[in-house]
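These numbers come from the heavy atoms of this one structure, side chains and all, not from hydrogens, waters or symmetry mates. Quantities reported herein were computed from a predicted structural model and do not represent experimental measurements.
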Amino acid sequence: MEFSAKQIADFIGGRVEGDDNAKVNTFAKIEEGVPGAISFLSNPKYTHFIYETKSSIVLINEDMKLEQPVETTLIRVANAYEAVAKLLQLYESTKPKKKGIDPLASIAPSAQVADDAYIGAFAVVGEGAVVGKGCQIYPHTVIGDGVKVGEGCLFYPNVTIYQGCKIGNHVTIHAGSVIGADGFGFAPNAEGYDKIPQIGIVIIEDNVEIGANTCIDRSTMGSTIIRKGVKLDNLIQVAHNCEIGENTVMSAQVGLAGSTKVGAWCMFGGQVGVAGHIQIGDKTFLGAQSGVPGSIKGNQTLIGTPPMEPKAYFKSQAIFRRLPDMYKQLAELQKQMDELKKQQ
């Protein structure tokens, strides 16, 4: 499909600078622009590309000042990154969705699958499971016995949903993720460890997206809960009985130990590690590789292990780098002190 600059500006609430009738039919990064493509510029590091890009239209922030004329047509918006996200969502929604059950899929007799759902080859839907309207279940995905899946969900290949778990509406789960495996529960005894049965479930609310190879464990009792709007990156571990609050986002390789409660609108950088049985307040921002041993009040930006304010953290790191020299100075002072004592 082809759209003009004016049509796009009207859709995203932008203002055209240049040719209202400039046409585009695809997307491209600004540094790889080609005629007929639309690009965006939100990171100042890429500003120099706008003077040489071949893209027909570029989205830029309303307040961006350019140092020289450009050949491309511009659409100024309040936030270029949000605007291009809106356009990409529109583009994605125009793609035709698959429907029907592949002959090679396995659907239990007691399962309920909506008429317009898609179930791919070698996918399995267990006894008593429910798959709602408009769901897309790709090949080799397993939906266990008694699982409830809401409307408009998208499960990519090799997703596994263990028995009894509940998935809300418009949930996307990427390839290889496992929802509802046993929590890591073992009781030591004289001969080794006794397994503690994990009899709870996982509840995932509406509009959640879960990255590839992420694991969310079922609870020992009760539920592990992922609240609405949460976005989890690839390779994240959420242990048994955790709860992640609404609209919280976590980057790759974050790990939450058991029974941790994370508030709403939090942001965790990559490889953040969180101890078990603690609470993290709303709007907590943790820098990459932070280690959290105890509870944290909300509305803070922290980094490091244990987490501290960024200014204090970077001061500490500056001192840490000087420790070898400081150690040598201290050893020399100690040597001088010992010499003085001998002379007394």
Side-chain angles (χ1 to χ4, degrees), residues 111-114 117-119 123-126 128-138 140-184 198-252 254-268 274 280 282:
Q112 300 176 41
V113 177
Y118 162 66
I119 310 294
V124 175
V125 181
V130 176
V131 178
K133 294 180 180 178
C135 287
Q136 304 275 288
I137 310 300
Y138 277 75
H140 295 280
T141 285
V142 176
I143 297 175
D145 295 348
V147 170
K148 310 297 181 187
V149 179
E151 298 181 0
C153 292
L154 173 58
F155 299 166
Y156 284 99
N158 296 297
V159 168
T160 302
I161 315 290
Y162 278 55
Q163 70 277 4
C165 294
K166 298 179 180 179
I167 314 295
N169 301 316
H170 306 292
V171 172
T172 297
I173 305 178
H174 288 271
S177 290
V178 178
I179 311 299
D182 281 359
F184 193 64
Q198 308 290 290
I199 63 173
I201 62 171
V202 172
I203 297 175
I204 297 176
E205 295 185 346
D206 297 348
N207 300 308
V208 169
E209 181 153 349
I210 296 168
N213 294 312
T214 283
C215 295
I216 302 173
D217 292 347
R218 70 195 309 110
S219 56
T220 307
M221 291 177 279
S223 303
T224 301
I225 304 174
I226 312 298
R227 297 293 182 189
K228 66 180 182 180
V230 167
K231 313 299 180 189
L232 302 181
D233 200 357
N234 305 330
L235 296 165
I236 286 175
Q237 163 65 21
V238 179
H240 60 87
N241 292 93
C242 285
E243 180 175 339
I244 301 178
E246 294 180 7
N247 299 305
T248 283
V249 295
M250 296 181 179
S251 295
V254 167
L256 303 183
S259 299
T260 290
K261 311 298 181 187
V262 178
W265 292 102
C266 294
M267 298 181 70
F268 289 8
V274 182
I280 296 176
D282 297 347

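Between Leu232 and Ile244, some side-chain heavy-atom pair lies under the 4.5 Å cut-off. Using a 4.5 Å heavy-atom cutoff, the side chains of Val230 and Met250 are not in contact. In this structure, the side chains of Phe155 and Ile173 come closer than 4.5 Å at one or more pairs of heavy atoms.
To the nearest 0.5 Å, the span separating NZ on Lys133 from CG on Asn169 amounts to 11.0 Å. Between the CD1 atom in Ile179 and the CD1 atom in Ile226 there is a gap of 8.0 Å [rounded to 0.5 Å].
A side-chain donor-acceptor contact under 3.5 Å links Asp233 to the backbone of Ala252. Between the side chain of Asn241 and the backbone N or O of Gly222, no donor-acceptor pair lies under 3.5 Å. In this structure, Thr141 contributes its side chain and Val159 its backbone to a donor-acceptor pair below 3.5 Å. When atom types are taken as modelled, the side chain of Arg218 and the backbone of Gly200 share a donor-acceptor pair closer than 3.5 angstrom. In this structure, Ser219 contributes its side chain and His240 its backbone to no donor-acceptor pair below 3.5 Å. With Ser177 contributing its side chain and Thr214 its backbone, the two residues share a donor-acceptor pair below 3.5 Å.
A search for salt bridge (Lys or Arg N to Asp or Glu O under 4.0 Å) contacts involving Asp182 returns Lys195, not counting sequence neighbours. Residues passing the salt bridge (Lys or Arg N to Asp or Glu O under 4.0 Å) test with Glu246: none are found, sequence neighbours excluded.
Minimum heavy-atom separation, Gly180 to Cys165: CA-SG, 3.8 Å. Between Ala239 and Ala257 the shortest heavy-atom distance is CB-C, 3.6 Å. Counting all heavy atoms, side chain and backbone alike, Gly126 lies closest to Ala111 at O-CB, 3.5 Å. Considering every non-hydrogen atom in both Gly263 and Cys266, the closest pair reads O-SG, 3.6 Å. Taking each heavy atom of Val178 and Tyr162 in turn, the nearest pair found is CG1-CE1, 3.5 Å. Contact between Cys242 and Val238 at its shortest, heavy atoms only, is CB-CG1, 3.7 Å.
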- request: Start with the C-alpha gap between Thr172 and Leu154, add the side-chain angles, then the distance that decides, and say whether side chain to side chain contact (heavy atoms under 4.5 Å, CB included) holds.
  value: CA-CA 5 Å; Thr172 297; Leu154 173 58; 4.1 Å; yes
Test side chain to side chain contact (heavy atoms under 4.5 Å, CB included) applied to Asn247 and Trp265, step by step: CA-CA 5 Å; Asn247 299 305; Trp265 292 102; 3.3 Å; yes
task: In sequence, state the C-alpha distance, the side-chain angles, and the governing distance for Ile210 and Ile204, and then conclude on side chain to side chain contact (heavy atoms under 4.5 Å, CB included).
output: CA-CA 10 Å; Ile210 296 168; Ile204 297 176; 3.6 Å; yes
- prompt: Which is it for Asn207 and Lys228 under the side chain to side chain contact (heavy atoms under 4.5 Å, CB included) test, yes or no, and what are the steps along the way?
  reply: CA-CA 6 Å; Asn207 300 308; Lys228 66 180 182 180; 5.6 Å; no
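For residues 198-211, the pairs satisfying salt bridge (Lys or Arg N to Asp or Glu O under 4.0 Å) are Glu205-Arg227, with sequence neighbours left out.
By the 30° and 60° cut-offs, the orientation of the rings of Tyr118 relative to Tyr138 is perpendicular.
Screening Ile216, Ile201, Leu256, Ile203 against Thr224 for a side-chain contact (heavy atoms from CB on, under 4.5 Å) leaves a single residue, Ile216.
Surrounding NZ of Lys148 are more than 12 heavy atoms belonging to other residues, nucleotides or ligands, all under 6.0 Å away.
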